2 protein chains.
Amino acid sequence: MAEDGLQVPAASVARLPLYLRCLEELCANGVATVSSSRLAELAGVNAAKLRKDLSHLGSYGTRGVGYEVINLTHEIQRELGLDEQSPVIVVGLGNLGQALAKHGGFGDRGFPIVALFDVQPDIVGMQIGDLVVAHFDDLAGIVAHYKARTAIISTPADAAQQVTDDVIAAGITSVLNFAPTVVQVGEGVALRQVDLALELQILSYYQPRSDSERDTKLRLSV
Amino acid sequence: MAEDGLQVPAASVARLPLYLRCLEELCANGVATVSSSRLAELAGVNAAKLRKDLSHLGSYGTRGVGYEVINLTHEIQRELGLDEQSPVIVVGLGNLGQALAKHGGFGDRGFPIVALFDVQPDIVGMQIGDLVVAHFDDLAGIVAHYKARTAIISTPADAAQQVTDDVIAAGITSVLNFAPTVVQVGEGVALRQVDLALELQILSYYQPRSDSERDTKLRLSV
DNA sequence: GTGCGATTGTGAACAGAGGCACAAGCTTCT
DNA sequence: AGAAGCTTGTGCCTCTGTTCACAATCGCAC
């Protein structure tokens with residue numbers, strides 16, 4: 001089975017980029033072949049789970065040997081649709097937005113940031129890295145010009161939904177939302193939400209505590 | 001059942017802060033009471049799931065009426081251990097680290113940033129917001145002084161594991177890792193990992209594509 | 001006080017993800 | 001060529017998480 005994924009489970013999809021990152025590191029170290037157990041160790045997951053994840057995109061391992069690093073890298077990239085560069089825009093250039101715009105990790109991984117947008121007069125026109133912040137009113141033309149399909153939203157919470165609607169109207173089909181609010185998108189648009197403060201609050205629960213009526217609660221998060 | 005959670009499922013714990021954020025918004029708008037269906041709508045989840053999540057921390061709703069916003073807010077905060085402030089340190093003040101240090105969202109939610117660390121000579125001594133970047137060598141004393149228990153790691157990938165080990169040795173029990181690498185922590189230390197580029201790669205999979213042998217793949221992410 | 005409409009809390013069915021364990025298959029050594 | 005030793009791919013079982021559907025319970029009106 002698992003000919004050519006009719007469907008890769010969401011949980012597997014979320015781990016594929018992780019494997020990819022590990023493979024790239026192995027490649028940089030000149031490793032040509034890797035076993036599932038070794039790769040699983042690097043990724044911090046169970047070896048059987050890793051093999052099952054990889055099996056969803058076909059049989060690219062060799063029994064008795066392992067996986068060819070370069071080959072597997074390419075197969076994961078293909079499955080994820082990372083064969084070609086995917087231009088990204090950033091909307092909202094406060095502290096976080098500026099950091100994201102300057103962050104090299106996106107361009108390195110096939111997501112070059114091609115345009116920045118804001119509405120604040122003191123931010124529009126500002127140079128950040130190689131780019132100059134454009135006004136959000138000019139969104140549609142610029143998105144079309146660069147054929148950008150992905151938007152990073154790092155606006156204040158109260159603007160996020162309107163901005164999301166606008167970028168989708170301009171042709172964006174993937175949205176990564178950093179604004180601390182839930183945004184809604186229609187069919188055919190992919191969405192992921194990241195809230196930094198939320199992560200700390202989740203961690204808080206797993207802090208060893210003895211204050212409350214609870215005894216001890218030490219557990220590892222995932 | 002669900003007297004006082006012997007154990008709240010991890011999936012529920014991860015959603016509680018989300019509900020909290022929605023409740024705070026309702027509170028700011030002067031709403032006193034909310035039904036599970038309304039709150040679920042705001043949080044973008046199923047109403048039954050929300051009720052089950054809340055049931056893990058006791059029965060704080062009123063049948064026929066709903067939940068008292070203020071009361072529920074407090075109960076979730078208590079369950080998550082957010083009753084008191086939890087000081088946070090940031091290690092690694094590159095672009096992302098600086099943005100996180102200046103980001104107001106942490107302090108507002110009970111996680112005041114009390115110290116910043118780096119090792120680069122041109123960064124140590126720099127003023128960021130109200131704080132001056134300390135040298136990582138001074139970690140132990142400063143962590144002890146502020147009784148900090150949470151660390152945000154935003155160093156380069158190759159330094160992340162060593163830094164993690166060091167902050168844990170200094171008394172940190174919760175780690176939020178932004179470095180693009182998997183770090184290991186021992187028993188009794190809570191860990192969450194956030195990789196921004198990884199999020200874009202996951203989104204990439206759900207982009208409508210027709211290039212490959214795959215037909216159409218439009219699905220909503222969660 | 002009784003009845004009615006609304007909403008919670010939860011049992012039970014269902015779906016998805018995780019992990020063990022082993023057969024299948026490759027490579028190497030003799 | 002045959003045997004031995006790995007490692008993959010996967011069937012099967014378990015466990016966690018999700019969703020439905022409904023009884024229990026509340027406030028309110030009359």
Side-chain angles (χ1 to χ4, degrees), chain A residues 1-16 18-19 23 26 31-69 71-72 75-76 79 202 205-206 219-222, chain B residues 1-16 18-19 23 26 31-69 71-72 75-76 79 202 219-222:
Chain A
M1 296 311 115
E3 290 285 297
D4 259 82
L6 291 97
Q7 203 96 334
V8 182
S12 289
V13 171
R15 282 186 297 265
L16 289 179
L18 178 62
Y19 304 151
L23 286 168
L26 287 170
V31 178
T33 301
V34 66
S35 69
S36 64
S37 53
R38 174 76 184 120
L39 186 55
E41 186 188 0
L42 288 174
V45 302
N46 178 290
K49 177 156 64 176
L50 180 140
R51 287 200 298 275
K52 191 161 282 186
D53 285 342
L54 296 183
S55 77
H56 289 121
L57 38 110
S59 291
Y60 298 111
T62 307
R63 293 170 194 232
V65 179
Y67 299 89
E68 211 183 316
V69 172
N71 185 27
L72 187 55
E75 289 303 336
I76 295 180
E79 184 68 26
I202 297 171
Y205 177 84
Y206 295 103
R219 242 166 305 165
L220 296 185
S221 75
V222 191
Chain B
M1 296 308 119
E3 289 286 295
D4 259 84
L6 291 97
Q7 204 96 333
V8 182
S12 289
V13 171
R15 282 186 296 264
L16 289 178
L18 179 62
Y19 304 151
L23 286 167
L26 287 170
V31 179
T33 301
V34 66
S35 69
S36 64
S37 54
R38 174 76 185 120
L39 186 54
E41 186 189 0
L42 289 173
V45 303
N46 177 292
K49 176 155 64 176
L50 181 141
R51 287 200 299 275
K52 188 156 283 187
D53 285 343
L54 296 184
S55 77
H56 289 122
L57 39 110
S59 290
Y60 298 111
T62 307
R63 293 170 195 236
V65 178
Y67 300 88
E68 210 183 317
V69 172
N71 185 26
L72 187 55
E75 290 303 336
I76 295 180
E79 184 68 27
I202 297 171
R219 241 167 305 163
L220 295 185
S221 75
V222 191

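Proteins come first, then strands; the chains are lettered A, B, ... in the order of their sequence lines, and each starts at number 1. Computation of the quantities below employed the complete heavy-atom set of this structure, encompassing side-chain atoms and omitting hydrogens, waters and symmetry-equivalent molecules. Remember, predicted model here, so these are calculated numbers, not experimental data.
- Distances were taken from every side-chain heavy atom of A:Y67 (C-beta onward) to each of C:dG9, D:dT8, C:dC26; the shortest belongs to D:dT8.
- If you measure from atom CG of A:L72 to atom C1' of D:dT8, you get 12 Å, rounded to the nearest angstrom.
- Contact detail for A:S37 and A:A47: the closest heavy-atom pair is CA-CB, 4.0 Å.
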Within the sub-3.5 Å range, which N or O atoms of nucleotides 28-30 of chain C have a protein N or O partner, and how far apart are they?
none

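- Checked against D:dT8, D:dG17, C:dG19, the side chain of A:R51 finds its nearest nucleotide in D:dT8.
- Not a single donor-acceptor contact under 3.5 angstrom links the side-chain atoms of B:R63 to the base of D:dT25.
- Between the CD1 atom in B:I76 and the CG atom in B:L23 there is a gap of 5.0 Å [rounded to 0.5 Å].
- Tested against B:E79, the residues B:V8, B:L54, B:V13 include a single side chain to side chain contact (heavy atoms under 4.5 Å, CB included) partner, B:V8.
- Protein atom CD of A:Q7 is 15 Å distant from nucleotide atom P of C:dA15, rounded to whole Å.
- Among the protein residues, A:A11 comes within range of the sugar-phosphate backbone only, with heavy atoms under 4.0 Å from sugar or phosphate atoms but none that close to a base.
- Comparing C:dG18, D:dC20, D:dG17 against the side chain of B:N46 picks out D:dC20 as the nearest.
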The test is side chain to side chain contact (heavy atoms under 4.5 Å, CB included); show your working for B:R38 and B:E41 and say whether it passes. CA-CA 5 Å; B:R38 174 76 185 120; B:E41 186 189 0; 3.2 Å; yes

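- In this structure, the CG atom of A:L16 is 13 Å from the P atom of C:dA17, given to the nearest Å.
- The CG-C1' distance, from A:L50 to C:dA17, rounds to 15 Å in whole Å.
- Between the C1' atom of D:dT8 and the CG atom of A:D53 lies a distance of 14 Å, rounded to the nearest Å.
- Comparing C:dG9, D:dC20, C:dA12 against the side chain of B:S59 picks out C:dG9 as the nearest.
- Across C:dG18, C:dA21, D:dT19, the shortest atom-to-atom separation from the side chain of A:R15 is found for C:dG18.
- Only A:S35, A:S36, listed by number, bring a heavy atom of residues 34-41 of chain A to less than 4.0 angstrom from any atom of DNA chain D.
- Here the side chain of B:K52 is nearest to one of D:dC26, D:dT18, D:dT10, namely D:dT18.
- Considering only heavy atoms from C-beta on, B:V45 stays 4.5 Å or farther from B:D53 through its side chain.
- Whole-Å rounding puts the A:H56 NE2 to D:dT8 P distance at 16 Å.
- Once rounded to the nearest 0.5 Å, the distance linking OG of B:S36 with NZ of B:K52 reads 13.0 Å.
- The closest side-chain heavy-atom distance from A:T33 to A:T62 is not below 4.5 Å.
- Rounded to the nearest 0.5 angstrom, A:Y60 OH and A:N71 CG are separated by 8.0 Å.
- Per the geometry, NZ belonging to A:K49 stands 8 Å off C1' belonging to C:dA17, to the nearest Å.
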Does the pair A:L39 and A:Y67 meet the rule for a side chain to side chain contact (heavy atoms under 4.5 Å, CB included), with working shown? CA-CA 9 Å; A:L39 186 55; A:Y67 299 89; 5.5 Å; no

